[in-house]
Amino acid sequence: MAKDPVRVLVTGAAGQIGYALVPMIARGVMLGPDQPVILHMLDIPPAAESLNGVKMELVDAAFPLLKGVVATTDVVEACTGVNIAVMVGGFPRKEGMERKDVMSKNVSIYKSQASALEKHAAANCKVLVVANPANTNALILKEYAPSIPEKNISCLTRLDHNRALGQISERLKVQVSDVKNVIIWGNHSSTQLNGEFISTVQQRGAAIIKARKLSSALSAASAACDHIRDWVLGTPQGTFVSMGVYSDGSYNVPAGLIYSFPVTTANGEWKIVQGLSIDEFSRKKLDATAEELSEEKNLAYSCLS
Ligand code: NAD
Ligand code: LMR
C-alpha cells in the first residue's frame, strides 16, 4: 500500500542551499524512494518571486514522489502540519567572518519561528537547524518552543562529519564508503574537534567561501538529507554519525547546550554513543568547544534582549 505523504518544511527555500535541497527531498534522497512528500517552502517577501520560480521548477521536474508544494512567505502556513522542519532561513557569513558573526541577524529568526513551529507543526515534528550559528540557533529555537520535546531539536554537524570522511578517503586513497565512525564534537565552528584532520575540516567552510564567493550549498543540502535520513530510517549496525543534540551531560559536556555527539539512531530516536575513551588532548578540545557554546548562548540572549 502506498505510504501517506510526509510534509517537509524548508525555510530559506529560495536561497542557495534551498535550491539544492528541495529537489533532493522530492527525489526521495532524504526519506527514501518509496516515501511521498509534500514540500512546504518558506522565504521572506523580497524573495517571494524567486521562491515561486523554484516552485515552477519543481513542477517542471515532474518528481513522482512529490505530492504537493506549498510556497509561502507566511510562517504559519509554512509550519502547519509539518512532520520535518529543515531550518535553513537566515544569512550566510562572508569571507573573513566567523559563523557566530551572523548571530545578531539570525538568532531572532529562530526565536520567532520557534513559536510558529510549536503551535502549528505536527506532533512529534523533527527539527534540523542548518542556518548559522547552527547550534545556538537550535538552542534558541528549543528554549522558545518549550513544548517541542528536546529530543526532536537538532542542528547540522553532518557536513563536518562528511568532510572528515572525505578528507580521510582522499588522504588514504580509500573509497569514502569504506570510512566510518568519525566524530564531530561540539560546535559547528572553528573549535570543533575531529581527530587528526582538525584544521582542514574546521576551515573547510571558509575555504569554500573563498573559492566560490558563496558558502557551501550542495554539500550542505546533501548532509541535511543524510542527517534526516539516518534519524528517521536508522543508522546501519556498527555505524555512528554526528548530530548536534541537546546535551544530557554525557562525556561531562554541560547539560543545556546543543552539542554535537556521536549518535546511533533507531525507530526515529537518536542515542548518544557511550563509553568512548577521551584522551587529554581531546578533553581539552571538548571543553573548549563547550565553553564557546556557552559564550554563544550568552551572546544570543544579549542579541534578543
Ligand atoms: P542564502 O542567502 O543563499 O539563502 C538564505 C535564504 O534564507 C534566503 O533566500 C533568505 O531570503 C532566506 N531568509 C532570510 N530570513 C528568513 C526568514 N526569516 N525566514 C525564512 N527565510 C529567510 O544562504 P545559504 O547559502 O542557503 O545558507 C543559509 C544558511 O545556512 C546560512 O546561515 C549559512 O551560513 C548556513 N549554512 C550552514 C551549514 C551547516 O553545516 N550547518 C552549511 C552551509 C550553510
Ligand atoms: C559551512 O560549513 O560550509 C557553512 O557553515 C557555511 C560557513 O559559513 O562556513
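Note that ligands are numbered from 1 as they come in the structure, with each ligand's atoms numbered from 1 the same way. Numbers here are sequence positions counted from 1.
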*Does Val130 reach ligand 1, in the sense of a heavy atom lying below 4.0 Å from it?*
yes

*So is Ala217 close enough to ligand 1, meaning a heavy atom under 4.0 angstrom away?*
no

_Ring-ring centroid check Trp270 Phe261, cutoff 6.0 Å_ = no

Heavy-atom proximity to [atom], best of [options]:
{"atom": "atom 31 (C) of ligand 1", "options": "Ala220, Cys155, Pro92", "value": "Pro92"}
{"atom": "atom 1 (C) of ligand 2", "options": "Arg163, Arg93, Arg204", "value": "Arg163"}
{"atom": "atom 4 (C) of ligand 2", "options": "Gln202, His188, Gln203", "value": "His188"}

_For Leu159, which part has a heavy atom under 4.0 Å from ligand 1: side chain, backbone, both, or neither?_
side chain

What atoms of ligand 1 come closer than 4.0 angstrom to any heavy atom of [X]?
{"X": "Asn106", "answer": "32 (O)"}
{"X": "Ser215", "answer": "25 (O)"}
{"X": "Ser216", "answer": "42 (C), 43 (C)"}

*May I ask you to identify, for Ile209, whether its side chain, its backbone, both or neither come under 4.0 Å of ligand 2 on a heavy-atom basis?*
side chain

*Non-hydrogen atoms of Asn132 versus ligand 2: any pair closer than 4.0 Å?*
yes

*Polar side chain donor-acceptor pair, Asn135 to Glu296, under 3.5 angstrom*: no

